[in-house]
Student: 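One structure coming up, written as structure tokens, with questions to follow.
What's counted below: heavy atoms across the whole structure, side chains too, no hydrogens, waters or symmetry copies. Quick note on labels: first sequence line is chain A, next is B, and so on, each numbered from 1.
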Protein chains: 4
Amino acid sequence: MFRTNDQGRSEVTEKRKTRDADATRLRIMQAAKKEFAKHGLGGARVDEIAERAKANKRMIYHYFGSKEKLFKAVLEAAYLDIRNAEQKLDLDSMPAEKALEHLVRFTWDYYLKNPEFITLVNSENLHRARHLKKSEVIAVASRKFVSMMQNLLDRGVQEGVFRPGIDATQLNITIAAIGYYYLTNRFTGAIVFERDLMTPDALEERLAFNLDTIMRLVRADGL
Amino acid sequence: MFRTNDQGRSEVTEKRKTRDADATRLRIMQAAKKEFAKHGLGGARVDEIAERAKANKRMIYHYFGSKEKLFKAVLEAAYLDIRNAEQKLDLDSMPAEKALEHLVRFTWDYYLKNPEFITLVNSENLHRARHLKKSEVIAVASRKFVSMMQNLLDRGVQEGVFRPGIDATQLNITIAAIGYYYLTNRFTGAIVFERDLMTPDALEERLAFNLDTIMRLVRADGL
Amino acid sequence: MFRTNDQGRSEVTEKRKTRDADATRLRIMQAAKKEFAKHGLGGARVDEIAERAKANKRMIYHYFGSKEKLFKAVLEAAYLDIRNAEQKLDLDSMPAEKALEHLVRFTWDYYLKNPEFITLVNSENLHRARHLKKSEVIAVASRKFVSMMQNLLDRGVQEGVFRPGIDATQLNITIAAIGYYYLTNRFTGAIVFERDLMTPDALEERLAFNLDTIMRLVRADGL
Amino acid sequence: MFRTNDQGRSEVTEKRKTRDADATRLRIMQAAKKEFAKHGLGGARVDEIAERAKANKRMIYHYFGSKEKLFKAVLEAAYLDIRNAEQKLDLDSMPAEKALEHLVRFTWDYYLKNPEFITLVNSENLHRARHLKKSEVIAVASRKFVSMMQNLLDRGVQEGVFRPGIDATQLNITIAAIGYYYLTNRFTGAIVFERDLMTPDALEERLAFNLDTIMRLVRADGL
DNA sequence: GATGAATGAGTTTTCATTCAT
DNA sequence: GATGAATGAAAACTCATTCAT
């Protein structure tokens, strides 16, 4: 009800205001991520996001302009986060085989710990990547990621542990696929295979299977 | 879906008529499949489905009860269709290695020719398989599918071409994953990898990669 | 599926047809009575009536023209039924006091055995008696009923058992009211008075109370 | 419903404004009361309520959740209103006979001045009191009402003016019945008795008749 | 006389977004 | 910067009635 600081704002309060604003922005993005992940772009409710963020609905429009732009912001942040985490793995400093194994594990763990990422990506693909297309920042991050992978493969061949001629893109897609598909389709999967695919044992088994799949795929013949 | 004619129906009554319940039902399901695949369960519009089916909206509710029940019907039919097609492959009559290769190709081709299947399954997983859970007919078809696969693996081991100890479920999931993921994520994939993943060449390349992946995965060591 | 009697109908089949038609009409009216009583005019569903009557919906329109006209037909029949039953009581042949008691009991029993009557009348009053207004047959039956009552009161005065000056209409309304209200409002009544108003004991108690109410109301002073 | 002002609200903010949640809520409830009374729960139109309330249809759902919950709110308010008014009569401070007469008059007058109450109650009974059942606030108000009545009867017996052994619930029901039935069934009644039951004279006559009915019912024998 | 598929107009409900304070 | 009341357009769903056979 009271509104302090109507005029004569000191720098201290200025800073606080900024921090609050950023905090609100962040809370909105976190809430939106959950909501979009749970219900998809179309199914997400702006009201729900506002409530979860303990923010006023008006703020969403103030900071992001529209539901769709909010989605884009969330999606971009999600992609940047995983690309960032991948860079931090510092795969270049490990032997190729170990590095690849590391990447497979990391990818699997990332999906497990960030289940929203998968659903967000599904949602974006349902919309034919309409939002990501315009994103320059994503393009840059992607290039770095792909070249890192190519690098890794090249080193492996030099080290004599990987077959030559493996396409980095195909391998990347496969590494993602065998983890991603298992998790995104775990509900229909549980019905088709009549198993709980999410018990700790099941998850461990899947990771082992995936590591085996990738290693057999890249291993130099005769090893 | 089909109505076999009791004896003695004249040709006149057999001619295509507007007032044919089964035909209307079928048109609605086909239209719904497209609409649900394109926009997901939430994003699909009943009006649009009715229009595409050249049916009155009221008919949808008459035959299916609700948008959600229509979705369930469409989803069930889609699952039954692929399970049915798999059975028709007659893999049991081929050598194990050839049979497996056949299955990998078939799965890929099926996804390519039935793009709705993938989006439908994604949508159902977004809803935690709520609709499929209650479906007994799907449970039965699934069991047949899984046991066929187990059979195939067992035969391959006996023939000496496959490694022993491969889990049929994990293999199934992997076969699906490497095709499904590529296709469902082709839009974001195109951005990340800066390639058109859907040209004939790209598709052929992916199929070859997938065949290689699976064969290396199951091949008996030393072969 | 088979349709016999396509041509050359004998008189016997003619009669049967007529009887069937009447039977269908009757089944529709009975089904409609239940449906209208349960849901009111607006809430009743034509589909439901058709199904309950094991008749085709088209038949309802064939015999009655519209839902509203069907309602009118049902309502008229209901009024005629109670007026008819009252006449059959042959109150004129009993001593006045006994006759009045008889009427109070009869009214209560009729409402109990014909619960649809009450709801039908409520529905008609919600619609400001729009349908009954045009009904000449009801006007005739009503007059007979009112004059019977006046007669009864007059006799009672002559016999010295009833007070003079009692208005027949007011008495009639009161006799109906104390039974009708109890039954029509039994659901909210059960909540307000925290009792089950429909147990055999409760019903008997109410009838006794009502008889007492009416008798004290008409009894000649000093008796 | 009312909002008492925290201290220091200036007159300016107090002026009638469109954006007043409580006022809108109230307008909706008033409009709904009329509409439900006129057409019943099923026949009432949400559009109509919104228009009459000069509110956006969306607001109805915002404040009440659904048409049915709005009905419940209206019904509860109606019951609370009459129970409240009864308590204000302060019957405990009058001699029993006078108090009873007062209650009969009050009940009649209340029904006359609040015709919506009757139709609302009819509607609720058509729905088997589904909405009221869950209402705790109604249960509390009802108990107060019933005990007030029992009190009144006990006092009357002590004063020697009422017969002992009269059941308070039965008497309550009868007092309500003889007024309620007359009014709710005034349309069919007008046809059956070929009179206008709503002229001032007719109303006065009915009230007198009802007072007589109740007084003869409770009066100690011999008085 | 009978059937049941089809329809159009309407009804409730939903939701992203804007407006007044 | 923040609040929450209000809105319009659209969506799901309903139902009495008619049409083709």
Student: How close or far is atom C1' of F:dT17 from atom CD of C:E68, stated in whole angstroms?
Tutor: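 From C:E68 CD to F:dT17 C1': 14 Å.
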Student: Looking at F:dT17, does its base get a donor-acceptor pair with the side chain of C:K67 below 3.5 Å?
Tutor: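 Such a pair does not exist between side chain and base.
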Student: When you check the side-chain N and O atoms of A:E76 and A:S135, is any donor under 3.5 Å from an acceptor?
Tutor: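 The answer is yes; a qualifying pair exists.
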Student: I'd like to check D:R45 versus D:H39 (side-chain heavy atoms, cut-off strictly below 4.5 Å). Are they in contact?
Tutor: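 Result no, sub-4.5 Å side-chain heavy-atom pair not found.
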Student: Nearest nucleotide by nearest heavy atom, which residue falls closer to the 5' end of DNA chain E, A:G43 or B:A55?
Tutor: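 Result: B:A55.
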Student: Atom CG of B:L70 to atom P of F:dC13: distance rounded to whole Å?
Tutor: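 One finds 10 Å between P of F:dC13 and CG of B:L70, rounded.
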Student: In whole angstrom, give the distance that lies between atom CZ of A:F64 and atom P of E:dT18.
Tutor: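 The answer, rounded to whole Å, is 16 Å.
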Student: Remember a base hit wins even if backbone is also touched, and classify B:A44 as base, sugar-phosphate or nothing at under 4.0 Å, heavy atoms.
Tutor: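 Counting heavy atoms under 4.0 Å across all strands, the contact made by B:A44 is with sugar-phosphate only.
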Student: Expressed as a whole number of angstroms, how long is the span from D:E51:CD to F:dA6:C1'?
Tutor: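 So the CD-C1' distance, D:E51 to F:dA6, works out to 17 Å.
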Student: Which nucleotide wins on minimum distance to the side chain of C:M59, given the candidates E:dA6, F:dG1, E:dT3?
Tutor: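 Nearest to the side chain of C:M59 among the choices is E:dT3.
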Student: Can you work out whether D:K54 or C:D47 has the more 5'-proximal nearest nucleotide on DNA chain F?
Tutor: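 Whichever sits nearer the 5' end wins; that is D:K54.
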Student: With a cut-off of less than 4.0 Å, is there a side-chain N or O of C:R58 near OP1 or OP2 of E:dA2?
Tutor: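 It does not, given that no N or O in the side chain of C:R58 lies less than 4.0 Å from OP1 or OP2 of E:dA2.
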Student: CD1 of D:I49 versus C1' of E:dT11: gap in Å, rounded?
Tutor: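 Value for this atom pair: 12 Å.
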Student: Tell me what D:Y63 touches on the nucleic acid: a base, only sugar-phosphate, or nothing, going by heavy atoms under 4.0 Å.
Tutor: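 Sugar-phosphate, no base atom in range.
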Student: Taking any strand in view, what nucleotide pairs with F:dA12 in a Watson-Crick or G-U wobble way, both distances under 3.5 Å?
Tutor: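 Pairing partner: E:dT11.
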Student: With a non-hydrogen cut-off below 4.0 angstrom, is C:V46 in contact with a base, only sugar-phosphate, or nothing?
Tutor: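 Answer is base: heavy atoms of C:V46 come under 4.0 Å of a base.
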Student: Inspect the surroundings of NZ in A:K67 and state if more than 12 heavy atoms from other residues, nucleotides or ligands are less than 6.0 Å away.
Tutor: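 More than 12 within 6.0 Å, yes.
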Student: Please confirm whether the backbone N or O of A:L132 pairs with a side-chain atom of A:E124, one donor and one acceptor, at under 3.5 Å?
Tutor: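 Side chain of A:E124 to backbone of A:L132: a pair is present.
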Student: Could you tell me whether A:K72 atom NZ has more than 12 heavy atoms of other residues or ligands within 6.0 Å of it?
Tutor: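 More than 12 within 6.0 Å, yes.
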Student: Output the rounded distance in Å from CG (B:N56) to C1' (F:dT14).
Tutor: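 Rounded to whole Å, this separation is 12 Å.
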Student: Tell me: NE2 of D:H62 to C1' of F:dT3, nearest whole Å?
Tutor: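 Distance check: D:H62 NE2 to F:dT3 C1' gives 12 Å.
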Student: Any side-chain N or O of B:R45 below 4.0 angstrom from OP1/OP2 of F:dA10?
Tutor: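 Answer no for this pair, as no side-chain N or O of B:R45 is under 4.0 Å from OP1 or OP2.
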Student: Quick one: B:E48 CD to F:dA12 P, roughly how many Å, whole number?
Tutor: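 Answer to the nearest Å: 11 Å.
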Student: A:E35 and side-chain contact (heavy atoms from CB on, under 4.5 Å): which partner among A:E51, A:E116, A:E48?
Tutor: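 With A:E35 as partner, A:E51, A:E116, A:E48 yield a single side-chain contact (heavy atoms from CB on, under 4.5 Å), made by A:E48.
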Student: For E:dT21, give the paired nucleotide (Watson-Crick: N1-N3 plus N6-O4 or O6-N4; G-U: N1-O2 and O6-N3; both under 3.5 Å), or none.
Tutor: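 Partner of E:dT21: F:dA2.
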Student: For F:dT17 and C:Y61 - does any side-chain N or O of the residue sit under 4.0 Å from the phosphate oxygens OP1/OP2?
Tutor: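 Checking C:Y61 against F:dT17: at least one side-chain N or O falls below 4.0 Å of OP1 or OP2.
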Student: Check whether any side-chain nitrogen or oxygen of B:S66 sits under 4.0 Å from OP1 or OP2 of F:dA12, and answer yes or no.
Tutor: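 For F:dA12, OP1/OP2 do not have a side-chain N/O of B:S66 under 4.0 Å.
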Student: Below 3.5 Å, does any donor atom in the side chain of A:K57 face an acceptor in the base of E:dT17, or the other way round?
Tutor: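 Under the 3.5 Å cut-off, the side chain and the base do form a donor-acceptor pair.
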